[in-house]
Amino acid sequence: MKGLQSLTGCVGILRVVLGICLLLAECAQGQPVNEKLQTFQKFVNGEIPIKEAIVYRKSEKFDGVILNQEWWRFGYQNGTWFCERLEPDANNPPKLVSNSKAKNLVCGASFSMDWIMDNRYLDMVERAKAVGSSPDTYAQGYRSLMFMALSLGLPRISDVLEINDARIKWNQLAFTTIRASQYDINWKILKAVTTTGRVNLGADGKPVSAEFPGITSDAPAGAVTYEYESTNSGIPTIFVIRYPDHLIRYEFLRLVLGSNDWTKTDGYTPALFGDLAVARTIRVWTNAFSYTISGGKLIPNFETTHPKRIGSLILIAAIAISGSLLTLGYRNAKGNKTTTSNP
């Protein structure tokens, strides 16, 4: 009899536990989805297409002494992007123009090529072979600016070709990310570690702040605050990162979301940003080596003792690639102008 009573008691306890589990499951399913938080989380991983963004960043001490300030313009969508530095117009400071010190340098990636272009040169490389090439090394600083704007103040490594190589992982309000923990004197990343942090929500469900712990002197603890222009948006207009000895303020002066129609072009191509009438030296990169197209000939930009038969094949491929990019961009330029025109 006692054994039967004990068994009955265990069954009763199991029923109670099962009931609680079912109740919790129903509550979880009934909870409304926080779309503002989801938008925020997707934005930091580049999952929301951006036709054009103009960003202002100011780094300063707590007493107001400005350490650095800069402006840049970028677009990031569907596996293609561009970025260029801007500066206030000398004759009309409220207007931003291409940075003269950078010689109007624009960096970007089409669906098939990484490229950089200024008033004199156009360098291109297949995306699969971009590491170590000029379009990789020269564009690293530009990609870093773009990734920092997308990160909304959350730490992540920035010396990667794609934002997918440095994704921030989410577990509701907690996040896990890879952060640089040591730099050399030129701010090249020497070490990186995995770390965590947390976003905090306001009464309306939007992220209002975030914090992450310190790791080393090169990677101190930080706290982020967010300001919104629209009450319905999950993407802040301003975010400020507070470190122990300084703060950095980011502001989206312009933010146009959405995707372009890429049926007439290969994504963001050089021809969308440069005057086709300007004569430029075209350099095509193959891994760490480059070749210049001059007078219909492919000239190696490195010392070589024996001509290689493969040179003619590379020349044909290079001419086809450059011609395709410029032609597609020219066709697109003749059509409806996209929202990525200069501000």
Side-chain angles (χ1 to χ4, degrees), residues 40-41 43-45 53-74 83 85-88 93 96 99 101-102 139-160 163 165-170 173-202 206-229 235-253 255:
F40 182 97
Q41 293 171 335
F43 188 87
V44 302
N45 280 326
I54 298 177
V55 185
Y56 170 58
R57 181 180 70 177
K58 179 173 67 174
S59 176
E60 61 183 326
K61 293 285 188 179
F62 294 124
D63 59 6
V65 176
I66 297 177
L67 301 174
N68 180 48
Q69 58 181 345
E70 54 190 320
W71 298 258
W72 65 91
R73 170 177 173 254
F74 75 91
C83 185
R85 293 179 184 269
L86 303 175
E87 65 181 4
L96 297 175
N99 190 297
K101 294 181 181 179
Q140 181 173 322
Y142 289 74
R143 291 196 307 269
S144 175
L145 292 175
M146 180 175 63
F147 291 159
M148 284 188 288
L150 289 171
S151 299
L152 298 178
L154 307 185
R156 65 160 21 117
I157 54 173
S158 57
D159 61 341
V160 291
I163 200 170
D165 297 329
R167 289 183 62 82
I168 293 176
K169 298 179 180 179
W170 291 95
L173 299 180
F175 63 86
T176 303
T177 183
I178 300 175
R179 185 182 183 190
S181 60
Q182 184 178 353
Y183 300 86
D184 65 11
I185 58 174
N186 297 315
W187 287 99
K188 180 180 179 181
I189 297 176
L190 299 177
K191 293 182 180 179
V193 297
T194 299
T195 187
T196 59
R198 182 180 177 85
V199 168
N200 303 303
L201 302 183
K206 291 183 296 189
V208 293
S209 64
E211 62 265 346
F212 46 89
I215 303 173
T216 64
S217 58
D218 284 345
V224 193
T225 56
Y226 300 105
E227 299 178 24
Y228 296 82
E229 187 175 85
I235 304 172
T237 304
I238 298 172
F239 56 97
V240 180
I241 314 170
R242 187 183 182 92
Y243 292 108
D245 60 349
H246 71 288
L247 55 86
I248 305 177
R249 173 189 171 92
Y250 289 79
E251 181 176 358
F252 285 105
L253 302 178
L255 183 60

Could you tell me whether the side chain of R156 reaches within less than 4.5 Å of the side chain of I163, counting heavy atoms only? yes

Tell me whether Q69 at atom CD has more than 12 heavy atoms from other residues, nucleotides or ligands lying less than 6.0 Å away. yes

A side-chain contact here means heavy atoms from C-beta on lying under 4.5 Å apart; do W72 and N99 qualify? no

Just so I know, are the side chains of V55 and L145 near enough to count as touching, which here means a heavy-atom distance under 4.5 Å? no

For L67, does its backbone N or O pair with a side-chain atom of S59 as donor and acceptor, under 3.5 Å? no

Would you compute the distance between atom CG of L255 and atom CD of E229 and round it to the nearest 0.5 angstrom? 9.5 Å

Can you find a heavy atom in the side chain of F147 that is under 4.5 Å from one in the side chain of V160? yes

Going by heavy atoms in the side chains, are K58 and I66 under 4.5 Å from each other? yes

Gap between atom OG1 of T196 and atom CZ of F175 - 0.5 Å precision: 7.5 Å

Is the terminal nitrogen or CZ of K206 (NZ for Lys, CZ for Arg) located under 6.0 angstrom from the six-membered ring centre of Y226 and within 45° of that ring's axis? no

Should the ring pair F239 and F252 be called parallel, tilted or perpendicular, given that the plane angle runs from 0 to 90° and is split at 30 and 60? tilted

I'd like to know if the side chain of T195 pairs up with that of R179 as donor and acceptor (distance under 3.5 Å, no hydrogens or angles considered). no

Within the side chain of T216, is there an N or O that forms a donor-acceptor pair under 3.5 Å with the backbone of S181? yes

pair W71-P88: side-chain heavy atoms closer than 4.5 Å: yes

Could you check if a side-chain atom of F40 sits within less than 4.5 angstrom of a side-chain atom of L152, using non-hydrogen atoms only? yes

For the pair E251 and R249, find out whether any cationic side-chain nitrogen is under 4.0 Å from an anionic carboxylate oxygen. yes

Evaluation steps, side-chain contact (heavy atoms from CB on, under 4.5 Å), between I168 and Q41: CA-CA 8 Å; I168 293 176; Q41 293 171 335; over 6 Å; no

Taking it one step at a time, do I189 and Y183 satisfy side-chain contact (heavy atoms from CB on, under 4.5 Å)? CA-CA 5 Å; I189 297 176; Y183 300 86; 3.6 Å; yes

side-chain contact (heavy atoms from CB on, under 4.5 Å), that's the test. Do D218 and L190 meet it? Break it down for me. CA-CA 11 Å; D218 284 345; L190 299 177; over 6 Å; no

With a cut-off of 6.0 Å (strictly less than), are more than 12 heavy atoms of other residues, nucleotides or ligands near CZ of R167? yes

Do the side chains of W170 and N45 get nearer than 4.5 Å, heavy atoms only? yes

When you check the side-chain N and O atoms of N200 and E211, is any donor under 3.5 Å from an acceptor? yes

